[in-house]
Each structure stands twice: as C-alpha cells, then as structure tokens.
Amino acid sequence: MNDDCYVLTGGVLWGTIGVFVQMLAASGLTPMETVTARAAGAGIIFTLITYFSDPKLLQVKPRDWWIFLGSGCLSLAGFSYCNFTCITLGGMATAALLLYTAPIFVMLMSLFLFREKLTLRKCLALLCTFVGCALIVGIFEQGMNLNWAIVISGLASGVGYALYTIFTKYAVLRGYHPLTTATYTFLGCAATALLVNGGLDCQKINAQGWLGIAGLVLICSLGANYCYTKGLAGIDASHASIIATIEPLVAALLGILVLQEPLSLFKIIGMLLILTSIILR
C-alpha cells in the first residue's frame with residue numbers, strides 16, 4: 001500500500017468517529033470524558049504495542065520532546081476542546097465547517113516550514129474541499145450562527161487540527177517510527193484531558209459505552225492515526241491534509257446509512273467535490 005492509500009485509509013477510519021461518539025453520548029459521557037477515554041485507552045495500547053514491538057521505539061531525544069508535546073497537548077487535546085466549545089456555542093454544522101479550514105492552515109504553514117510549493121492544483125483542491133464540506137454539513141440549508149466566540153473557537157479548532165499534521169511531519173522528518181509518534185501523541189493528550197477533566201468515572205459506563213470506547217480506541221485511534229502518520233512519510237503535509245478530508249464524506253455516508261439521516265442534493269454535490277479535491281491534490 002502506498003503513502004496516499006495509508007493517508008486515505010486514516011481519513012476513512014476517522015470518518016467513523018461520529019457513530020462511536022453518538023454511542024458514548026447516549027451512555028451519558030460528556031465530550032471531555034469521551035476525549036479522556038479515547039486518549040487514555042489509545043495511549044496505553046500504543047505504549048504496549050510499541051514496547052513489545054521494539055522497546056527502543058519508546059526512546060525520544062530530549063531536543064525532540066517539543067514535537068510530541070505539541071502533537072498531543074497542543075494539537076490533539078487543544079483542537080478537541082476548541083471544537084467542542086464551538087459545537088456548544090454555534091452548533092455542529094458551523095463547528096464542522098470551521099474545523100475543516102485545517103487544510104488551508106496546513107498549506108500556509110507548509111509553505112514556510114517545509115518549503116512546499118503553492119500550485120494551482122492545490123488551490124483548486126482546497127476550494128473544492130471547503131465548498132464540499134460546507135455542502136455536506138448543510139451550511140447552505142441551515143445557515144450559520146456566528147459571533148466572535150464561535151468564529152475564534154472554530155478557527156482555533158482548525159488550527160489545532162492542522163498542527164497535528166505539522167507536528168507529525170516533523171516527527172517523520174526526524175526519523176521517528178509511526179508507533180513512537182502515535183504513542184506519545186495520545187499519552188500527551190490523555191495527560192492534558194485528565195488535568196482538565198479531573199478523571200473518568202468508569203462505573204457509569206454501560207455496555208454500549210464500552211463498545212463505543214473500543215471503537216474510538218481501536219478504529220479511530222490505533223488504526224487511523226497509525227495509517228495517517230505512516231502515510232506522511234512519503235507525501236507533502238498539504239497533500240495529506242487534503243486527502244484526509246475523505247473523513248466528512250465517510251461521516252456523511254455513515255450518517256445516512258446508520259443514523260438514518262436524509263440524503264440531499266447538496267450532500268451529493270459536496271461528496272463529489274471532496275472526491276474531486278482528492279484527485280486534484
């Protein structure tokens with residue numbers, strides 16, 4: 001499997017997050033408890049897998065700790081908090097659209113940090129991505145509820161999401177294995193979430209909740225983050241961020257097939273635009 005396919009697989013697996021989050025919400029877990037459960041579970045399992053694969057993979061040079069603090073504490077934990085805040089203030093559709101400004105931020109950062117080239121194809125792919133996401137989340141049908149707090153928290157979630165790609169690319173360039181990167185990213189996120197949330201009451205989690213946590217940890221974390229990190233080794237960060245926007249397309253399809261959400265012409269056009277952006281990238 002080539003690098004593009006690894007990144008695409010990661011995006012597809014991330015697209016299933018909504019189904020498992022719905023299960024956890026129905027079980028009574030708050031958004032921050034969900035982040036805590038996902039990060040802690042993934043961090044522990046990644047640590048065990050990495051240790052038994054090769055204990056040397058857990059070694060990190062002191063000068064490189066900033067990469068993993070950034071990917072875990074600043075990016076994964078930060079964008080989750082900002083995204084949940086935006087959802088609370090402005091609703092899911094507005095939050096989703098602002099979150100998917102991430103490829104724009106990745107491209108701008110990559111121009112300066114990795115000297116990636118800005119091409120017409122990339123710009124067209126970004127335009128298709130943004131408009132496609134807007135159509136899928138229903139912005140043109142529902143409208144947008146905006147104020148400064150919503151805009152700032154939403155754009156901050158997009159920046160945080162973009163920083164995950166940037167920090168992960170730095171880890172790749174420094175020669176770190178995908179397991180090393182994923183392990184310390186989730187451990188950093190778990191530590192941050194535990195500090196903010198103050199722990200997790202496991203006794204209130206029912207069977208459906210544990211199934212949801214298992215899905216978030218095994219599919220949306222172990223599978224998705226490993227594939228995305230591995231794919232970044234051979235392609236530009238901006239390309240990877242565009243390919244990963246397959247995530248909202250998969251989420252929309254699962255919403256239609258599993259959650260019985262309606263299929264509209266806007267969603268169909270949005271899906272086609274995202275597929276176009278992946279081809280153009």
Next item on the list: Keeping the roles fixed (side chain from T229, backbone from P178), state whether a donor-acceptor pair exists under 3.5 Å.
Entry: no
Check: With the 4.5 Å side-chain cut-off for hydrophobic clustering, are L163 and L173 part of the same group?
Finding: yes
Notebook entry, point to check: Within a strict 4.5 Å, meaning less than it, do heavy atoms of the C133 and I274 side chains meet?
Noted result: yes
Notebook entry, point to check: For D3 and G231, which heavy atoms make the closest approach, and how far apart are they?
Noted result: CB-O, 3.3 Å
Notebook entry, point to check: Do V196 and M32 pass the side chain to side chain contact (heavy atoms under 4.5 Å, CB included) test, and can you show the C-alpha distance, the side-chain angles, and the key distance before you say yes or no?
Noted result: CA-CA 8 Å; V196 173; M32 281 309 299; 4.1 Å; yes
Notebook entry, point to check: Do L187 and F46 come within less than 4.5 Å of each other through their side chains, counting heavy atoms only?
Noted result: no
Checklist line | Distance-minimising heavy-atom pair for M23 and G212 | finding: CE-N, 3.8 Å
Check: Is it the case that one hydrophobic cluster holds both I219 and I205, taking links as side-chain heavy atoms less than 4.5 Å apart, direct or via other members?
Finding: yes
Notebook entry, point to check: K267 and I136: which non-hydrogen atoms are nearest, and at how many Å?
Noted result: CE-O, 3.6 Å
Note to self: According to side chain to side chain contact (heavy atoms under 4.5 Å, CB included), who are the partners of I45, at least two apart in sequence or on a separate chain?
What the structure shows: I49, V217, L218, L222
Next item on the list: With rounding to the nearest 0.5 Å, note down the distance linking CG in L273 to CG in L249.
Entry: 10.5 Å
Next item on the list: Spell out, yes or no, whether L272 and V250 are grouped together once hydrophobic residues are joined by side-chain heavy atoms under 4.5 Å, including indirect joins.
Entry: yes
Margin query: I'd like to know if the side chain of K122 and the backbone of K117 have a donor-acceptor N/O pair within less than 3.5 Å.
Written below: yes
Margin query: Looking only at the side chains, is there a donor atom on one of T183 and T50 sitting less than 3.5 Å from an acceptor on the other?
Written below: yes
Check: Got a sec, which pairs hit ring-ring contact (aromatic ring centres under 6.0 Å, His included) with one end in residues 98-130, sequence neighbours left out?
Finding: F114-Y170
Check: Shortest non-hydrogen contact from L24 to G209?
Finding: CD2-O, 3.1 Å
Can I get a per-line list of side-chain donor-acceptor pairs under 3.5 Å for residues 56-69, giving both atom names and the distance, sequence neighbours left out?
from, atom 1, to, atom 2, distance (Å)
D64, OD1, R174, NH1, 2.2
D64, OD2, Y176, OH, 2.6
W66, NE1, R63, O, 3.1

Notebook entry, point to check: Minimum heavy-atom separation for L13 to G223, with atom names?
Noted result: CD1-C, 3.5 Å
Checklist line | Spatial distance of atom CG (L179) from atom OG1 (T47) [nearest 0.5 Å] | finding: 10.5 Å
Check: Is the backbone of D4 close enough, under 3.5 Å, to the side chain of N2 for a donor and an acceptor to pair up by distance?
Finding: yes
Check: Who are the ring pair (Phe, Tyr, Trp, His ring centres under 6.0 Å) partners of Y51, not counting sequence neighbours?
Finding: none
Notebook entry, point to check: With sequence neighbours excluded, what pairs up with S71 under the side chain to side chain donor-acceptor pair (under 3.5 Å) test?
Noted result: T185
Next item on the list: Give every residue pair that meets the side-chain hydrogen bond (donor to acceptor under 3.5 Å, both in side chains) criterion with at least one member in residues 103-112, sequence neighbours excluded.
Entry: none
Check: Who are the side chain to side chain donor-acceptor pair (under 3.5 Å) partners of T245, not counting sequence neighbours?
Finding: none
Check: Which atoms form the tightest heavy-atom contact between V7 and I235, and what is the distance?
Finding: CG2-CD1, 3.7 Å
Checklist line | Hphob cluster co-occupancy, L74 + L113, side-chain heavy atoms under 4.5 angstrom | finding: yes
Item checked: Euclidean distance, C82 SG relative to L98 CG, rounded to 0.5 Å -> 11.5 Å
Note to self: Using 0.5 Å steps for rounding, measure from the OG1 atom of T34 to the CD1 atom of I17.
What the structure shows: 11.0 Å
Notebook entry, point to check: Does some side-chain heavy atom of M109 sit less than 4.5 Å from a side-chain heavy atom of T165?
Noted result: no
Margin query: Within the 4.5 Å heavy-atom criterion, are F52 and L48 side-chain neighbours or not?
Written below: yes
Check: Can you name the side chain to side chain donor-acceptor pair (under 3.5 Å) partners of T129, sequence neighbours left out?
Finding: S277
Item checked: Path from I152 to L108 over hydrophobic side-chain contacts below 4.5 Å -> no
Notebook entry, point to check: Restricting to pairs with a member in residues 13-37, which pass ring-ring contact (aromatic ring centres under 6.0 Å, His included), not counting sequence neighbours?
Noted result: W14-Y228
Checklist line | Gap separating the CG atom of N206 from the OG atom of S27, nearest 0.5 angstrom | finding: 4.0 Å
Note to self: Under the rule for side chain to side chain contact (heavy atoms under 4.5 Å, CB included), what residues qualify as partners of C189, not counting sequence neighbours?
What the structure shows: V35, A39, L76, A77
Check: Rounded to the nearest 0.5 Å, how far does OG of S241 lie from CE of M107?
Finding: 6.5 Å
Item checked: E33: partners by side chain to side chain donor-acceptor pair (under 3.5 Å), with sequence neighbours left out -> T30, K204
What pairs of donor and acceptor atoms, side-chain ones from residues 153-161 against any protein atom, are under 3.5 angstrom apart with sequence neighbours left out?
from, atom 1, to, atom 2, distance (Å)
S153, OG, A149, O, 2.9
S153, OG, I150, O, 3.1
S157, OG, G154, O, 2.5
Y161, OH, E247, OE1, 2.7

Check: Are side-chain heavy atoms of H239 and E116 found at a separation under 4.5 Å?
Finding: no
